[in-house]
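Here is the structure we will look at, set down as structure tokens.
Each residue takes its place number in the sequence, starting with 1.
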Amino acid sequence: MNIQINQQAFTLPEAATLAQALMAYGAKPPFAAAVNGAFVARGQHAQYGLHAGDRVDVVHPVAGG
């Protein structure tokens with residue numbers, strides 16, 4: 001199936017989870033993830049199933065002041 005992660009196209013196996021997508025993307029903690037604009041808690045990444053056309057956003061915290 002084809003999805004987008006931070007506006008980059010990725011092809012993953014059918015029934016891939018968010019955790020698998022994040023691994024394919026190479027996301028390094030700490031980060032937050034959202035699917036189609038909805039935040040997904042870190043504890044749910046391994047169970048959260050993706051669908052063709054999903055949009056995943058990975059956001060890293062920025063510190064400063």
Side-chain angles (χ1 to χ4, degrees):
M1 82 175 130
N2 295 318
I3 66 166
Q4 285 191 1
I5 304 175
N6 284 2
Q7 301 177 355
Q8 293 179 317
F10 280 82
T11 300
L12 299 174
E14 295 298 321
T17 65
L18 178 56
Q20 292 168 320
L22 293 168
M23 187 182 310
Y25 179 69
K28 304 276 191 242
F31 61 84
V35 178
N36 299 323
F39 171 75
V40 179
R42 181 171 291 127
Q44 297 299 312
H45 290 181
Q47 295 87 17
Y48 194 97
L50 296 174
H51 302 88
D54 279 350
R55 242 182 341 100
V56 178
D57 295 305
V58 179
V59 181
H60 295 276
V62 176

Taking ILVMFWY side chains as joined if any heavy atoms are under 4.5 angstrom apart, and letting links pass through other members, which residues group with I5?
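Hydrophobic cluster check, I5: joined to M1, I3, F10, L12, L18, L22, Y25, F31, V35, V40, Y48, L50, V56, V58.
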Q4: which residues meet the side-chain contact (heavy atoms from CB on, under 4.5 Å) condition with it, sequence neighbours left out?
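Here the qualifying residues are R55.
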Neighbour count above 12 (heavy atom, 6.0 Å) for Q7 CD: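 Count not over threshold, so no.
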Minimal heavy-atom distance between P61 and P30, with the atoms involved, is CD-O, 3.4 Å
